Amino acid sequence: MTCAPSGGIIAFMVYLQIDSGGETRRLELGDAPVQIGRIAGRNTLVLEDNLISRKHCIFSKLGDKYTVNDLGSSNGTYVNGERLAQTAILQTGDVISVGHNQILFIDESQPARAPEPQASAVPAAAAGADAAEPTPLELDESDIVDDTPDIFQASTSNDYQQHVEPTVAEDYESVLLRLAESLPDKSFQDFNISLVNARGAVSHPATLAPPPQRSSEGGDAVRLLRLILLICFRTNASDIHVEPKEHLVLVRIRVDGTMIDLVRLDKVLAAKLTSMIKVLGDIDIAHRQIVQEGHFSSRLPDRRVDYRVSFAPSVYGQKLVIRLLDAKSAPLRADQLKLPPWMAEQLIRATEMESGVVLVCGPTGSGKTTTLYAVLRSLDVGQRNVITIEDPVEIQLPGVTQLPVNDDQGNTFANLLRSVLRQDPDVILVGEIRDPETAKTAMQAAITGHLVFSTLHTRDTVGTIFRLLDLGVEPYMLAQGLQLVLAQRLVRQLCQHCKVPQRLTAEQTARIIAAVPNFKQSFTRRGCPRCMGTGFTGRRGVFELLIANDELRDAVLHNRSNQAITQALANSKFVKLSHHGYQLVAEGITSIDEVEHAVGI
C-alpha cells in the first residue's frame, strides 16, 4: 500500500484473472494457498475441463512473492507457454495455462510488462481498457476446504482415459541446466562425470571445462545423459525412466519413491541416447523388440556409481529404465539407519550373536535390503565368514562372498543355501524367503549354529510369525531360532525450507496424542526450488521391532493365535509402526498423510 496525493491509502490487489471458455472471472490471492483442480471438495477453485487433473496446481505466497507449483498433473501446468518443471515465482502479466483455461497473474504493486509472444491466448479482457471488467469469482462455501493439498488421492481410470500426451519436445539443455542450477549440492558439474562401459573402460572421460558447441555426431546424447545423471545425484534419485510416446519420448526420474517429469525429447535425440546406453552396457543395438539387460558405471570426483539397465518393448518402442546403485544415498552402517536408540541397541546386539534368525519385513520398496546391507557392514568380516545369496547382487560388499541367484541354472535360493551350509559360514544373508524349502533350511541353519539374516513380504512383525508357520516351519524350530523381527516402511521427509503448519482433524489429533502425549504441532508440504516443488527431500524409515522373549516362544509353541502373541508382547518394549510414524510427525520430520499412507491407516 502507498499514500495517495490526498493523504488516503491506495491498496494494491493481487489476483488471478481466469478465462474459461469466454467467461472471465477474478480471484483475489491472500496468504492462504489456492489449489486448482477438477474435483469439488478437494480444491479451492474447481474448473470443469477434461484436460485438468483432480489436483492440478497450487498458488502459494512465499514471503512477498507468489508462486505456482504443479501437483503432478497429467497434462502439466504451463507458465508463459513453457511447461512448469519446478516452482515458478510469478510476476505481474504472467500467463498460466491449465488445460483449456488461461489464468493471468496480476500484482498491482508491480510495474506492468508486455506479455510474451506465447501468451497470445490471454483473454481480451486483459488486453485493453475497452474490455469488459471481469466479474469477481464467488466461491461456494462447499468448495472451500483445508488448503493442505491431498497428495495421496489416487487417480481414477477416467483420468487416464482423458489424458492427452504432449506433442512438443523441449530444448533439453536449457531445461536440465536450469533445473540442475536450482538444486543444492553443486560440488561438481555434468562435464566432471566420466562414463565407464560394462568392460571397465572409460568411454567418455570427464573434462575440466564445459563442452564446446553441441555436436551432431553423438555429442548431444553424451551431454544429455550427463545432465540427467547430474540431476539424479543432486536429488538422490533411484531410477531413470525413458518412455517412448506417440510423438516424443518422456524422461522421468523417481525421487523419494515418486515419479517426476524431467524433460521431453524428440525421437531422433532419444534414439541416440538409448543407442549410446546400449553401447555402454554391452547390449546388442540391433534388437529393439526383446527384453535386454546390462550395466555400466560412472566416475565422479568423490566416488563411483553403478547402473543397472533394463530395456523392455512397448507400443512405441523400447522403454529404458536405469537403476542407480549409489552407495552415498543409502545408510552405510546400522547406526546410520536412524532407528530409535533402543531398537538400534537391540539390532546391534543381535548381530553379535552366534546363531539365530534376524528378519526384516515390509512391502516391496520399503528399504529391507538397504537395512540388511547396513547391518552386514557393521559386522567384523575379518573375524567371521559372511556369505550372501541375492537376486540380484546390486552392491558389492568388501570382505563378503556374494552369490547371485540364477533359476535357469538351478541356482535357486534353496539350492544355494544348502550349498552355502557346506562353505563353513558364520553369517548367512538370504535375500528373501519365498518358499517352504528356503524357510525350513534357513531356520535349520539358525538352530545349528549360524546367524541368518533374511527378508519377508509381510505387513508387520506379528504377521511374520504366522507367515513362517504357513510356509511349514515347525513351531519348535521357530520358537528356538527366531531372535528378532524388524518391520519397516519409508516415508518422505518434509523439506525444512518450505514446510508449513497443518490443521488436523479431531480424529487425526487423537491418534497422534495416543502415541505422543505431548504433541503440539504438525506440518505439511508446500514446495520450493530446493525440493523441485514436491515439498519433500529424502526419506526416513519408520520401524517396528519384535524381540523374541520367553513369553513369545511359549505362545508360538502352545497357543499360536494373534491374541496370545499380542499378549506375550505386552510385557516387552514394543512400539507399533504407526506410533513411531506419529513420533516423526510430532518432530516435524514428516506429515501425517505420509505416515498414514505408508502404514495403511
Side-chain angles (χ1 to χ4, degrees), residues 69 71-72 85-87 149 151-152 179-188 228-240 252-262 300 302-303 305 323-340 343-344 362-374 377 394-395 488-500 502 522-543 577 580-599:
N69 286 352
L71 296 177
Q86 56 185 345
T87 301
I151 60 173
F152 295 115
L179 180 56
E181 286 305 308
S182 71
L183 298 169
D185 184 17
K186 299 181 176 61
S187 56
F188 60 89
I228 293 172
L229 293 179
L230 180 67
I231 292 172
C232 289
F233 299 143
R234 292 183 179 179
T235 58
N236 290 324
S238 60
D239 300 87
I240 302 167
R252 302 196 291 169
I253 59 175
R254 186 179 295 278
V255 180
D256 301 331
T258 302
M259 298 298 296
I260 297 176
D261 289 3
L262 207 58
L300 312 182
D302 59 345
R303 66 190 185 278
V305 178
R323 168 64 58 89
L324 283 77
L325 307 174
D326 190 354
K328 185 180 179 181
S329 61
L332 297 180
R333 301 178 64 85
D335 56 4
Q336 297 176 355
L337 292 170
K338 296 184 179 180
L339 287 155
M343 289 189 189
T364 301
S366 59
K368 301 185 295 297
T369 303
T370 299
T371 295
L372 288 179
Y373 273 16
R377 291 191 186 97
E394 292 193 343
I395 297 178
Q488 71 177 69
R489 301 289 191 277
L490 292 177
V491 295
R492 294 181 290 178
Q493 298 181 122
L494 289 169
C495 175
Q496 299 302 306
H497 297 280
C498 65
K499 67 179 183 180
V500 293
Q502 180 183 26
S522 69
F523 295 85
T524 189
R525 71 167 192 165
R526 184 170 188 171
C528 68
R530 288 173 177 261
C531 59
M532 295 183 70
T534 64
F536 298 98
T537 54
R539 289 194 285 181
R540 180 75 172 265
V542 177
F543 300 98
L577 273 170
H580 182 216
Y582 290 144
Q583 290 173 7
L584 299 182
V585 172
E587 295 171 15
I589 294 173
T590 189
S591 68
I592 189 169
D593 296 317
E594 273 289 302
V595 170
E596 295 185 345
H597 173 70
V599 176

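We're numbering straight along the sequence, starting at 1. Not measured: the values here are computed from a predicted model.
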Using modelled atom types only, decide if a donor and an acceptor are shared between the side chain of [X] and the backbone of [Y] within a distance under 3.5 Å.
X: K186; Y: E181; value: yes
X: Q496; Y: L494; value: yes
X: K499; Y: G588; value: yes

* To do: Go through T258 and D256 one step at a time and tell me if the side-chain contact (heavy atoms from CB on, under 4.5 Å) criterion holds.
  => CA-CA 6 Å; T258 302; D256 301 331; 5.5 Å; no
Quick check: closest heavy atoms across [X] and [Y], and the distance to 0.1 Å?
X: V305; Y: L325; result: CG1-O, 4.1 Å
X: S591; Y: T524; result: CB-CA, 4.2 Å
X: L490; Y: A598; result: O-CB, 4.0 Å
X: G362; Y: K368; result: O-NZ, 3.2 Å
X: C498; Y: G527; result: SG-N, 3.3 Å
X: H580; Y: F543; result: ND1-N, 2.9 Å

* Roughly how far, to the nearest 0.5 Å, is OG1 of T590 from CZ of R525? -> 12.0 Å
* In Å, rounded to the nearest 0.5 Å, how long is the span from CG of L179 to CG of L262? -> 6.0 Å
* Asked: Are D326 and R303 ion-paired here, with the side-chain N under 4.0 Å from a carboxylate O?
  -> yes
* Verify the distance criterion only: is there a donor paired with an acceptor across the side chains of T537 and Q493 at less than 3.5 Å? => no
* **Side chains of Y582 and E596, donor plus acceptor under 3.5 Å** => yes
Between [X] and [Y], is any pair of side-chain heavy atoms under 4.5 Å apart?
X: Q488; Y: V542; answer: no
X: R254; Y: I240; answer: no
X: M532; Y: I260; answer: yes

What donor-acceptor contacts under 3.5 angstrom involve side-chain atoms of residues 228-236, with partners at least two apart or in another chain?
residue: R234; atom: NE; partner: D185; partner atom: O; Å: 3.1
residue: R234; atom: NH1; partner: A180; partner atom: O; Å: 2.7
residue: R234; atom: NH2; partner: F188; partner atom: O; Å: 2.9
residue: T235; atom: OG1; partner: I231; partner atom: O; Å: 2.8
residue: T235; atom: OG1; partner: C232; partner atom: O; Å: 3.4

* **side-chain contact (heavy atoms from CB on, under 4.5 Å) between F523 and V500, intermediate numbers included** => CA-CA 5 Å; F523 295 85; V500 293; 5.9 Å; no
* Within a reach of under 6.0 Å around CZ of R530, are more than 12 heavy atoms found that belong to other residues, nucleotides or ligands? -> no
* Could you walk me through whether L337 and T371 pass the side-chain contact (heavy atoms from CB on, under 4.5 Å) check? -> CA-CA 7 Å; L337 292 170; T371 295; 3.8 Å; yes
